[in-house]
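Just below is one structure, and these are the notes that go with it.
Values below: every heavy atom of this structure, side chains too, minus hydrogens, waters and symmetry copies. On a predicted model such as this, the values are computed, not experimentally measured, just so you know.
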There are 2 protein chains.
Amino acid sequence: MASLVGIVEDNKKIRDLIQRYLDMQDELSCPVAVDSVEEMLEYLEEHEKPRVILMDIQLPGMSGIKGIGLIKEKYPEIDIIMLTVYHDSHKIFNALRAGASGYLLKHTSLPEIKESIVNLVDGGAPMSPQIARKVINHFQDNAPKKNPDSDLTPREHDIVNGLVDGLSYKMIADRYDISIDTVRAHIRNIYKKLHVNSKAEVIAKSLKGEI
Amino acid sequence: MASLVGIVEDNKKIRDLIQRYLDMQDELSCPVAVDSVEEMLEYLEEHEKPRVILMDIQLPGMSGIKGIGLIKEKYPEIDIIMLTVYHDSHKIFNALRAGASGYLLKHTSLPEIKESIVNLVDGGAPMSPQIARKVINHFQDNAPKKNPDSDLTPREHDIVNGLVDGLSYKMIADRYDISIDTVRAHIRNIYKKLHVNSKAEVIAKSLKGEI
DNA sequence: AGTTTTATAACATGTTTATGTGATACATAC
DNA sequence: GTATGTATCACATAAACATGTTATAAAACT
């Protein structure tokens, strides 16, 4: 069954080009291409909902980012891909925070756009590589700092991994073929290094990336 | 000029396959493929630095995530792409935080891997669509894959938060001004809903966003 | 050569957790 | 109007955990 796709794009040439191309694909059908969020909202009231909407940011009337919020609020099951020339971090993050599931730059080729929609329907999140780079950089800037004093030995890391996997001391002892008292000994040292005094805190620190 | 690529991957078959394929490409050259971070670090001491390193996470000796940190610390100009079977959110985020510039799942085809490397050299950030989806979800901070059967009540969420904060039953009882037996009762119900039977597992699930 | 670190192990003891069973009260749902 | 779910509390017991003390041996460091 073909997935329905909608387009919100104010440049008629681009809009028609994309619509015609997508509509030609076996897997897709593109019954609606409008030039404003307002028109799309009207359309959604009265017709079968598309599975995916391609949306520009710069639009007459309401901005695409504001549009994401409104559409997702009423129809959370619709996935929205931004298709825009903007690659500044602020617009990207606002769009993603508003609920966009993908972000493509406008120079993306028609086959790639098609590929992205199929991807999205399959549970992926299409992003132009330059966009992904910015998103990743954002992560690295906010990286939590590790406590240098908390350098664990390889064996201690093994034990921590066991704890994170939800194992008991006995199960950890079995996994690494050592005695339970040795596990205890390692745990004692780990607690000292991490300044904690329970399994729970070790697991939390580990999963937060602080080890 | 061909970009140099290094590989750290403990499965010899996969390693050789990728190396041979990449080395065949005009744009790339793959002079080094080893099975541990330790070996790669040795290699880097004595040879021309690769532009990009493909790295597994699960490795003999030091984990790939720890390896990212060490390599980026000494050679920040090298870009690292994770190539792994893990699609666990925490592994992804820890890898990205540690300094990875891309994250591909192992089922990625050889041509796609090549494409990703070229992409990275051009300033992009290759990511498998499923990975991108998780990264985006993180932005929207909506839970990735809640188990519908595991719907906790508000009070149960309080208790889980207490556990995640590393509190004992007694401390949780104090925090919410209820009896320790009530805490026990809630914990029992939580375990039942989540199909687990230890604090550790609840904390792990919670921090992995599975609650 | 001597010290520190790592990995191993045993024994003891008190605390915390996991689990069973049972009960009361209130609100919502069917 | 009686199930169902939430929130509360109690008592009991076995298992798991936290912590103290002590010790051996190999590896790494000074």
Side-chain angles (χ1 to χ4, degrees), chain A residues 146-207 211, chain B residues 36-39 41-42 45 59-63 66 70 146-207 211:
Chain A
K146 282 178 221 195
N147 190 344
D149 166 51
S150 74
D151 246 351
L152 302 187
T153 67
R155 199 46 149 182
E156 285 166 352
H157 273 290
D158 290 341
I159 306 290
V160 169
N161 287 334
L163 294 180
V164 171
D165 290 343
L167 305 183
S168 68
Y169 289 8
K170 167 141 188 49
M171 291 158 92
I172 293 174
D174 283 353
R175 177 191 277 195
Y176 297 109
D177 205 27
I178 55 181
S179 113
I180 192 171
D181 278 307
T182 302
V183 176
R184 277 195 238 275
H186 285 304
I187 298 251
R188 254 194 297 268
N189 292 330
I190 291 166
Y191 284 7
K192 199 162 217 172
K193 286 185 181 175
L194 301 184
H195 308 295
V196 302
N197 57 332
S198 74
K199 266 172 75 166
E201 292 167 275
V202 174
I203 293 167
K205 271 194 192 270
S206 174
L207 287 174
I211 298 183
Chain B
S36 73
V37 174
E38 289 84 345
E39 285 173 74
L41 285 168
E42 262 180 58
E45 291 282 336
L59 294 167
M62 187 188 309
S63 85
K66 180 130 195 231
L70 284 181
K146 270 193 257 184
N147 192 340
D149 168 49
S150 74
D151 251 350
L152 302 188
T153 68
R155 199 47 149 182
E156 286 165 353
H157 273 288
D158 290 341
I159 306 290
V160 169
N161 289 334
L163 294 180
V164 171
D165 291 343
L167 305 183
S168 67
Y169 290 7
K170 168 140 188 47
M171 291 158 91
I172 293 173
D174 283 354
R175 177 190 279 193
Y176 296 109
D177 205 26
I178 56 180
S179 112
I180 192 170
D181 277 306
T182 303
V183 176
R184 277 194 239 275
H186 286 304
I187 298 248
R188 253 194 300 266
N189 293 330
I190 292 167
Y191 284 7
K192 199 164 216 171
K193 286 185 181 174
L194 302 184
H195 307 296
V196 301
N197 57 332
S198 73
K199 266 172 74 166
E201 292 168 274
V202 174
I203 293 167
K205 269 195 193 270
S206 174
L207 287 173
I211 299 182

Query raised in the report: What does Thr182(A) touch in the nucleic acid at a heavy-atom separation under 4.0 angstrom: a base, only the sugar-phosphate, or nothing?
Result: base

Requested in this report: Check whether any side-chain N or O of Ser168(B) sits under 4.0 Å from OP1 or OP2 of dT15(C), and answer yes or no.
Outcome: no

**Report entry** Rounded distance in Å - NE2 (His195(B)) to P (dA18(C))
**Finding:** 17 Å

Query raised in the report: In Å, rounded to the nearest 0.5 Å, how long is the span from CG of Leu167(B) to NZ of Lys199(B)?
Result: 8.0 Å

Report summary line: The side chain to side chain contact (heavy atoms under 4.5 Å, CB included) partner of Leu163(B) among Ile190(B), Val183(B), Ile172(B) is Ile172(B)

Query raised in the report: To the nearest angstrom, how far is Ile187(A) atom CD1 from dT6(C) atom P?
Result: 16 Å

Query raised in the report: Under the side-chain contact (heavy atoms from CB on, under 4.5 Å) test, which residues partner Leu70(B), sequence neighbours left out?
Result: Leu41(B), Met62(B), Glu73(B)

**Report entry** Phosphate contact (dT17(C) OP1 or OP2) by Ser198(B) side-chain N/O below 4.0 Å
**Finding:** no

Query raised in the report: Does Tyr191(A) have a side-chain nitrogen or oxygen under 4.0 Å from the phosphate oxygens OP1 or OP2 of dT19(D)?
Result: no

Query raised in the report: Any side-chain heavy atom of Asp158(B) within less than 4.5 Å of one from His186(B)?
Result: no

Query raised in the report: Could you go step by step and tell me if Met171(B) and Asp165(B) meet the side chain to side chain contact (heavy atoms under 4.5 Å, CB included) rule?
Result: CA-CA 10 Å; Met171(B) 291 158 91; Asp165(B) 291 343; over 6 Å; no

Query raised in the report: Quick one: Leu152(B) CG to dA7(D) P, roughly how many Å, whole number?
Result: 10 Å

Query raised in the report: Can you check whether Thr153(B) has a side-chain N or O nearer than 4.0 Å to OP1 or OP2 of dG5(D)?
Result: no

Pick out the pairs of N or O atoms, protein on one side and nucleotides 20-26 of chain D on the other, that lie under 3.5 Å.
unit_1  : atom_1 : unit_2    : atom_2 : d
dG20(D) : N7     : Arg188(A) : NH1    : 3.0
dG20(D) : O6     : Arg188(A) : NH1    : 3.2
dT21(D) : O4     : Arg188(A) : NH2    : 3.2

Query raised in the report: Rounded to the nearest 0.5 Å, what separation is found between the OG atom of Ser168(A) and the CG atom of Asn197(B)?
Result: 9.5 Å

Requested in this report: For Tyr169(B) and Thr182(B), indicate whether the former's side chain and the latter's backbone hold a donor-acceptor pair under 3.5 Å.
Outcome: no

Query raised in the report: Is the shortest side-chain N/O distance from His186(A) to OP1 or OP2 of dT6(C) below 4.0 Å?
Result: no

Query raised in the report: Roughly how many Å is it from CD1 in Ile172(B) to P in dA18(C), rounded to a whole number?
Result: 10 Å

Query raised in the report: If you round to the nearest 0.5 Å, how far is CG of Asn189(B) from OG1 of Thr153(B)?
Result: 8.0 Å

Query raised in the report: Between Ile180(A) (CD1) and dA9(C) (C1'), how many Å, whole number?
Result: 12 Å

Query raised in the report: side chain to side chain contact (heavy atoms under 4.5 Å, CB included) between Val160(A) and Glu156(A): does it pass, once the steps are laid out?
Result: CA-CA 6 Å; Val160(A) 169; Glu156(A) 285 166 352; 5.5 Å; no

Report summary line: With the side chain defined as heavy atoms from C-beta on, Lys199(A) is closest, among dA18(D), dA9(C), dT6(C), to dA18(D)

Query raised in the report: Between the two ends of the helix from dT3(C)-dA28(D) to dC30(C)-dG1(D), what is the bend in degrees, rounded to 10 degrees, where each end axis spans five pairs?
Result: 50°

Query - OP1 or OP2 of dT6(D) under 4.0 Å from side-chain N/O of Asn189(B) - result: no

Query raised in the report: Looking at Tyr169(B), does any N or O in its side chain come under 4.0 Å of the phosphate oxygens OP1/OP2 on dA18(C)?
Result: yes

